[in-house]
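Take a look at the structure below.
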Amino acid sequence: GQNIDQPTEMTATEGAIVQINCTYQTSGFNGLFWYQQHAGEAPTFLSYNVLDGLEEKGRFSSFLSRSKGYSYLLLKELQMKDSASYLCAPLTGFQKLVFGTGTRLLVSP
Amino acid sequence: GAGVSQSPRYKVAKRGQDVALRCDPISGHVSLFWYQQALGQGPEFLTYFQNEAQLDKSGLPSDRFFAERPEGSVSTLKIQRTQQEDSAVYLCASSPPGSSGNTIYFGEGSWLTVV
C-alpha cells in the first residue's frame, strides 16, 4: 500500500528557518517531489530528489534518505508569501505521484 | 499554450447531473494525469494517459467516472450521475516525453460543487 505522513500544520516567523518532514511507504519508488500549493491554486513544483542527499535551490532545500523512507523540505529566510501548503509526493511507477495530505505552513510577522 | 489549461474553472452541478471537465495539456506533452483533491487533502491519483492510451485508471473511484483522450492531446473527465461526495477540485497535469519525472506540471483545476 501507499502511506505518506507529514505534519498537518506548522507555524513560523518571518526570517526564520523551518523544516517540514515527510515519511513514506510506497510500492515502487522513482524519486520524491515537493510541491507548494497556495489556497485555490495549482500545486507548483519546488524540488525533486531521486538520490540520497541534499538538493539546494535558493531558499529551499530538500533532503532524501531512501533507506529510511524519509525526506524533508527546508525553507530559509521565511517570507510571508511562503504561507501555503507543502505537499510531499513520492513518484511510483508510470510517473504516478502519491501525495500526502500536505503541511499547512503559516508564516507570521 | 503556456501551461496546462482546464475548463470550466468552476462548476456547480445538481445531484444526479452529468459533468464533463476538459484539460488542454502543454503542447507536445505525452503524459497526462487526472487527480482529485478534496478540501484540506492532498491530490489523489485518478488516471494516467500516455498519448491516447489510458495506461492506469486504478484511481477512478467508481464506474460513474470516465476519462478519455481520443487524439492524444485534449482530455475529458466525465462524471455521471454526480453525488455530493464528488465535490472536489479536479486537477490535470502533463509531462513531456522522455522526462526524468521532474517535469510534471499542474493546471489550475476545475472546482466541482455538487448540490
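In the text below, chain A, chain B and the rest are named by the order of the sequence lines, each starting its count at 1. Please read these numbers as outputs of a predicted model, since none were measured by experiment.
Of the atoms belonging to B:Q37, it is side-chain heavy atoms, and not backbone ones, that fall under 4.5 Å from chain A. Looking at B:S58, the atoms closer than 4.5 Å to chain A (heavy atoms on both sides) all sit in the side chain, from C-beta outward.
Ring orientation note: the planes of A:F45 and A:Y35 are nearly perpendicular, at an angle over 60° on the 30°/60° scale. Relative orientation of the B:Y35 and B:F45 rings is perpendicular, given thresholds of 30° and 60° on the angle between their planes.
The aromatic ring centres of A:Y70 and A:Y24 sit 6.0 Å or more apart.
Across B:G42, B:P43, B:G109, the residue that shares the most heavy-atom pairs under 4.5 angstrom with chain A is B:P43. Taking chain B as the reference chain and counting heavy-atom pairs below 4.5 Å, the highest number among A:G100, A:A42, A:A39 is found for A:A42.
B:D18 has no carboxylate O lying under 4.0 Å from a charged side-chain N of B:R64, or vice versa, which leaves the two without a salt bridge.
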